[in-house]
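The block underneath contains the structure these notes are about, expressed in structure tokens.
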Amino acid sequence: MNNILDYSLEEISLWMKENGESSFRAKQVFTWIYKNTWNFEDMKNLPKSLVEKLKNNFYIGIPEVIETFESTLDGTSKLLLAFKDGNIIESVIMKYNYGNTICISTQVGCRMGCKFCASTLEGRVRNLTAGEILAEVMVAQKVLGERISNIVLMGSGEPLDNYDNVTKFIDLVNAEYGLNIGQRHITLSTCGLVPKIYELADKGYSITLAISLHAFNDETRREIMPIAKKYSIKEILESCDYYFNKTGRRISFEYSLVSGINDSKEHAKSLAKLLKGRQCHVNLIPVNEIKENTLKRPSKKTIDDFEKIVNDHGIDVTVRKEMGNDINAACGQLRRNFLKLEK
Ligand code: SAH
């Protein structure tokens with residue numbers, strides 16, 4: 001059985017032809033699915049025989065919403081979703097004045113091992129397929145009853161460690177017959193898998209690339225991110241330059257501020273020097289403390305000083321606004337708490 005959400009319209013049109021059906025049936029099926037009809041039997045304009053064929057070959061892989069948490073502070077919601085095989089992921093919907101943004105997961109767990117991150121503690125369980133990633137957006141729109149206009153691939157998982165599924169997801173979510181979300185409204189965040197950044201640049205998408213930098217030199221970076229042993233900051237920045245030159249899209253650098261590790265004034269100056277002259281934006285993320293490690297968030301003053309220094313060097317910088325504090329716990333924590341309850 002195949003998840004029909006993993007397929008493009010062209011692929012299902014071909015399937016229709018190969019199975020003795022007119023190819024326009026594919027469009028009919030997709031119209032139903034994208035209007036949130038997730039049962040072949042409810043697709044009223046399809047002949048019974050086709051419904052049977054579809055049921056024998058495909059399922060519509062919408063995950064079950066096991067729980068929704070809604071912030072009373074700012075309307076942020078978190079969805080805990082379960083796939084057919086029992087795997088659980090979380091996605092977060094944030095309401096901004098420019099539209100609804102969803103933060104989605106690309107893998108169940110993660111194998112990158114960043115020290116501050118809750119999603120990676122038990123490694124990678126499996127990749128999500130393109131259709132499963134797409135379903136996160138579809139189910140969120142249904143729960144919300146509103147359109148989602150922006151997507152950030154910043155949930156659990158390393159998107160470039162699941163390259164084929166993630167790029168297919170971008171094609172599907174961007175398709176006019178589908179959710180029709182523009183590439184400029186999609187941001188992909190990576191810990192810096194350099195060869196894949198080049199590959200992505202060559203795809204010619206106009207999505208925003210966000211790099212989890214978190215340090216201004218390799219030594220500090222290696223302390224908190226195992227991937228830094230494989231690729232140097234220099235190599236990452238070269239790949240970012242390539243990405244910018246190919247796509248014209250300004251790079252966004254994420255920098256999680258961890259007390260005593262990367263948050264001093266000297267660090268701020270060095271970061272600014274490193275990025276000087278680049279078309280970029282720096283996003284400071286005061287680290288979300290998790291109970292599985294001892295990493296601490298700097299004081300408000302340290303964060304403000306850091307921001308000011310980077311800004312004074314002419315670099316566009318913001319501190320990430322915290323949303324949904326009351327339902328949050330750190331990134332990936334919700335799923336972990338749930339898994340613990342299950343045990
Ligand atoms: N694997 C991708 C995307 C997922 S994480 C990546 O590494 O970019 C999205 C962002 O949140 C990354 O910048 C990540 O480093 C950061 N992050 C993860 N856990 C965090 C925590 N506890 N506190 C602050 N930032 C965190």
Side-chain angles (χ1 to χ4, degrees), residues 1-8 12 29-30 32-43 54-55 57-70 76-94 100-110 118-119 122 124-148 150-159 161-162 164-166 168-175 178-179 181 186 324 327 329 331-343:
M1 278 290 225
N2 297 305
N3 180 2
I4 198 162
L5 301 181
D6 284 328
Y7 293 82
S8 67
I12 295 297
V29 172
F30 272 45
W32 284 109
I33 291 177
Y34 285 107
K35 284 192 176 154
N36 297 351
T37 295
W38 296 332
N39 187 341
F40 293 123
E41 289 185 359
D42 296 336
M43 301 182 178
L54 286 166
K55 275 167 54 186
N57 288 279
F58 299 104
Y59 65 95
I60 305 172
I62 299 288
E64 185 193 341
V65 181
I66 354 185
E67 233 172 313
T68 57
F69 301 82
E70 214 174 299
T76 298
S77 14
K78 275 207 176 195
L79 305 183
L80 203 55
L81 306 174
F83 289 106
K84 238 164 103 89
D85 65 356
N87 271 307
I88 309 268
I89 55 155
E90 59 183 83
S91 15
V92 184
I93 310 165
M94 292 156 288
N100 297 314
T101 296
I102 187 167
C103 173
I104 54 178
S105 298
T106 53
Q107 295 177 318
V108 182
C110 182
S119 305
E122 273 137 30
R124 181 184 67 176
V125 179
R126 70 170 174 86
N127 283 331
L128 294 181
T129 69
E132 286 173 328
I133 305 171
L134 183 70
E136 290 182 65
V137 188
M138 296 175 77
V139 88
Q141 289 198 147
K142 178 140 190 203
V143 169
L144 202 62
E146 287 175 23
R147 183 177 142 80
I148 288 184
N150 295 280
I151 298 176
V152 294
L153 296 155
M154 290 189 186
S156 296
E158 167 48 51
D161 186 37
N162 183 15
D164 291 345
N165 286 316
V166 165
K168 180 150 195 196
F169 157 73
I170 293 168
D171 294 334
L172 292 175
V173 83
N174 182 225
L179 301 184
I181 297 179
I186 301 174
I327 53 164
C331 329
Q333 280 286 79
L334 205 56
R335 168 173 173 266
R336 279 185 64 71
N337 290 344
F338 183 82
L339 293 182
K340 278 197 204 118
L341 281 179
E342 289 276 278
K343 275 178 193 161

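Atoms considered below: every heavy atom in the structure, side chains included; atoms not considered: hydrogens, waters and symmetry mates.
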For a 4.5 angstrom cut-off between non-hydrogen side-chain atoms, does [X] reach [Y]?
X: Ile89; Y: Ser156; value: no
X: Thr106; Y: Asn165; value: no
X: Met138; Y: Leu5; value: yes
X: Ile12; Y: Val29; value: no
X: Gln141; Y: Leu179; value: yes
X: Ile60; Y: Asn39; value: no
X: Phe169; Y: Leu153; value: yes
X: Ile102; Y: Ile151; value: yes

Electrostatic pair Glu158-Arg124, nearest N-O below 4.0 angstrom:
no
Please tell me whether Thr129 and Asp6 have a donor and an acceptor in their side chains that are separated by less than 3.5 angstrom.
yes
Do you see a donor-acceptor pair shorter than 3.5 Å between the side chains of Gln107 and Asn162?
no
Look only at the side chain of [X] and the backbone of [Y], and say whether a donor-acceptor pair between them is shorter than 3.5 Å.
X: Trp38; Y: Ile33; value: yes
X: Glu136; Y: Ser105; value: yes
X: Asn3; Y: Gly131; value: no
X: Asn57; Y: Asn2; value: no

Atom CG in Asn87, atom CD in Glu132: separation rounded to 0.5 Å?
8.5 Å
When rounded to the nearest 0.5 angstrom, what is the spacing between CG in Leu79 and CD in Glu64?
12.5 Å
Applying side chain to side chain contact (heavy atoms under 4.5 Å, CB included) to Ile181 and Asn174, what does each step give before you reach the verdict?
CA-CA 5 Å; Ile181 297 179; Asn174 182 225; 6.0 Å; no
